[in-house]
Peer 1: 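Provided herewith is a single structure, encoded as structure tokens, for subsequent inquiry.
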Amino acid sequence: MNKSIRSSTLTRTRLIEAASQVFASLGVQGATTREIARVAGVNEVTLFRHFASKEQLLGAVIENAFALQTEALAHPKVWTQDLKIDLRQYAYLYNSMLEAQEDLIRTFIGEAKRHPEAARQVIQEAAKPLGEKLVAYLQSSQRQGTVRVDLDPFAAVDMFTGMLLSGMLVRSAKFNQGSYSCKDYIETCVNIFVRGISTTPRSVVNVAVSYEPNYTISANSSDLE
């Protein structure tokens, strides 16, 4: 029984990985379940045993793309309640997802207006949990008095993640001509955003921290600004 479950899990993983490749190269409309099954090394019947439709598989691909970041932000102890530390952590986590899924993201953006409504809804629903983590955090910070109450947290999250997305696209296309690093850009985004939403910008912006690759944030005595 355990062997059967393990085999089924491996097949599902292969299908998601194959679908990610096919969606990235052919787009949502161009991708077919037959091609996804071929890349995964299984027949189409096997694919439909795991996923009822191409749209369901698309949702699984997006959820898988966001899984690491969503899980990392799922635990209350991750949030320090210091705006700059927390938003920096979120920014680096979000940027790591953007870089890992660049091909898929570019494809989705390129054909966004041609997405069937069903596919569009799947993409929005699958991507929602990661954004909701930050919306909930900002709403909590508003209640605590550290974030301006006149701020729309949903619009703010779209703006913040939009800055990060734009930065990844510009860097990967070499439009910035190496004039600044990825870290420089993320730090600037965080600084501007915190100044804009905080009720006490100066005290927040003066906090100095360092970012570690394993997604832990620790205080230090140097000023990154």
Side-chain angles (χ1 to χ4, degrees), residues 58-59 61-102 104-110 112-113 115 119-172 182-205 207 209 211 215-217 224-225:
L58 174 62
V61 166
I62 299 172
E63 288 172 3
N64 183 67
F66 288 175
L68 174 64
Q69 288 72 26
T70 302
E71 175 61 24
L73 297 170
H75 307 291
K77 65 180 182 180
V78 170
W79 302 102
T80 68
Q81 304 311 311
D82 183 299
L83 282 178
K84 189 168 185 181
I85 293 175
D86 292 339
L87 290 170
R88 177 185 277 114
Q89 176 175 357
Y90 186 96
Y92 277 102
L93 283 167
Y94 197 84
N95 184 72
S96 69
M97 180 277 296
L98 293 175
E99 292 182 345
Q101 305 297 329
E102 179 186 348
L104 194 62
I105 290 168
R106 285 186 179 278
T107 299
F108 285 169
I109 292 173
K113 292 185 177 180
H115 285 162
R120 186 178 295 111
Q121 290 178 358
V122 166
I123 293 172
Q124 291 172 347
E125 287 301 311
K128 187 184 295 183
L130 188 57
E132 286 180 337
K133 300 291 183 185
L134 188 52
V135 167
Y137 174 78
L138 293 182
Q139 290 173 331
S140 174
S141 297
Q142 285 177 317
R143 292 191 292 271
Q144 293 173 20
T146 56
V147 168
R148 289 165 33 203
V149 295
D150 62 329
L151 184 83
D152 182 335
F154 292 94
V157 168
D158 278 352
M159 185 190 78
F160 188 53
T161 55
M163 287 194 295
L164 296 170
L165 171 60
S166 175
M168 183 276 289
L169 295 174
V170 168
R171 286 193 307 276
S172 63
C182 174
K183 180 179 178 181
D184 291 336
Y185 185 85
I186 292 176
E187 294 294 331
T188 301
C189 287
V190 172
N191 287 339
I192 291 173
F193 190 65
V194 170
R195 286 177 186 270
I197 71 173
S198 176
T199 55
T200 54
R202 290 185 180 181
S203 63
V204 173
V205 174
V207 174
V209 299
Y211 174 75
Y215 304 124
T216 61
I217 304 294
L224 291 178
E225 294 184 296

Peer 1: Under the 3.5 angstrom rule, does the side chain of Ser166 hit a backbone N or O of Gly162 as a donor-acceptor pair?
Peer 2: no
Peer 1: Can you name the nearest heavy-atom pair linking Phe160 to Leu87, along with the distance?
Peer 2: CZ-O, 3.8 Å
Peer 1: Should Leu169 and Arg106 count as side-chain neighbours, where that means a heavy-atom distance under 4.5 Å?
Peer 2: yes
Peer 1: Just verifying a value: how many Å separate Arg88 CZ and Leu93 CG, rounded to the nearest 0.5 Å?
Peer 2: 13.0 Å
Peer 1: Hey, what do you get for CD (Glu187) to CD1 (Ile192), rounding to the nearest 0.5 Å?
Peer 2: 12.0 Å
Peer 1: Could you list the residues that satisfy side chain to side chain contact (heavy atoms under 4.5 Å, CB included) with Thr161, not counting sequence neighbours?
Peer 2: Tyr90, Tyr94, Val157
Peer 1: Which atom names give the shortest non-hydrogen contact between Gly145 and Thr199, and what distance separates them?
Peer 2: O-OG1, 2.8 Å
Peer 1: Please check: side-chain N/O of Ser198 versus main-chain N/O of Arg195, any donor-acceptor pairing under 3.5 Å?
Peer 2: no
Peer 1: Please find the pair of heavy atoms, one from Ile105 and one from Met97, that lie closest to each other, and give the distance.
Peer 2: CD1-SD, 4.4 Å
Peer 1: Look only at the side chain of Tyr185 and the backbone of Met168, and say whether a donor-acceptor pair between them is shorter than 3.5 Å.
Peer 2: no
Peer 1: Supply the atom-to-atom distance Met163 CE to Asp158 CG, rounded to the nearest 0.5 angstrom.
Peer 2: 11.5 Å
Peer 1: Is there a side-chain contact (heavy atoms from CB on, under 4.5 Å) between Lys84 and Phe193? Walk through the geometry before answering.
Peer 2: CA-CA 9 Å; Lys84 189 168 185 181; Phe193 190 65; over 6 Å; no
Peer 1: Has Ser141 got a side-chain atom pairing as donor or acceptor with Tyr137's backbone, closer than 3.5 angstrom?
Peer 2: yes
Peer 1: Please name the pair of heavy atoms, one in Leu83 and one in Thr146, separated by the smallest distance, quoted to 0.1 Å.
Peer 2: CD1-O, 3.5 Å
Peer 1: Counting N and O atoms only, with roles assigned by atom type, does the side chain of Arg148 sit under 3.5 Å from a partner on the main chain of Gly196, one being a donor and the other an acceptor?
Peer 2: yes
Peer 1: Could you grab the distance from atom CG of Leu138 to atom CG of Asp152, nearest 0.5 Å is fine?
Peer 2: 10.0 Å
Peer 1: Checking Asn95 against Glu99 for the side-chain hydrogen bond (donor to acceptor under 3.5 Å, both in side chains) test, could you report, in this order, the C-alpha distance in whole Å, the side-chain angles of both residues, the deciding distance, and whether it holds?
Peer 2: CA-CA 6 Å; Asn95 184 72; Glu99 292 182 345; 3.2 Å; yes
Peer 1: How far apart are the closest heavy atoms of Trp79 and Lys133, and which atoms are they?
Peer 2: CZ2-O, 4.2 Å
Peer 1: Stepwise, does the side-chain contact (heavy atoms from CB on, under 4.5 Å) test hold for Val147 with Gln142?
Peer 2: CA-CA 5 Å; Val147 168; Gln142 285 177 317; 3.6 Å; yes
Peer 1: Within this structure, what is the CG-CD distance for the pair Leu134 and Glu132, rounded to the nearest 0.5 Å?
Peer 2: 11.5 Å
Peer 1: Could you tell me whether a side-chain N or O of Asp86 sits under 3.5 Å from a main-chain N or O of Thr80, the two making a donor and an acceptor?
Peer 2: yes
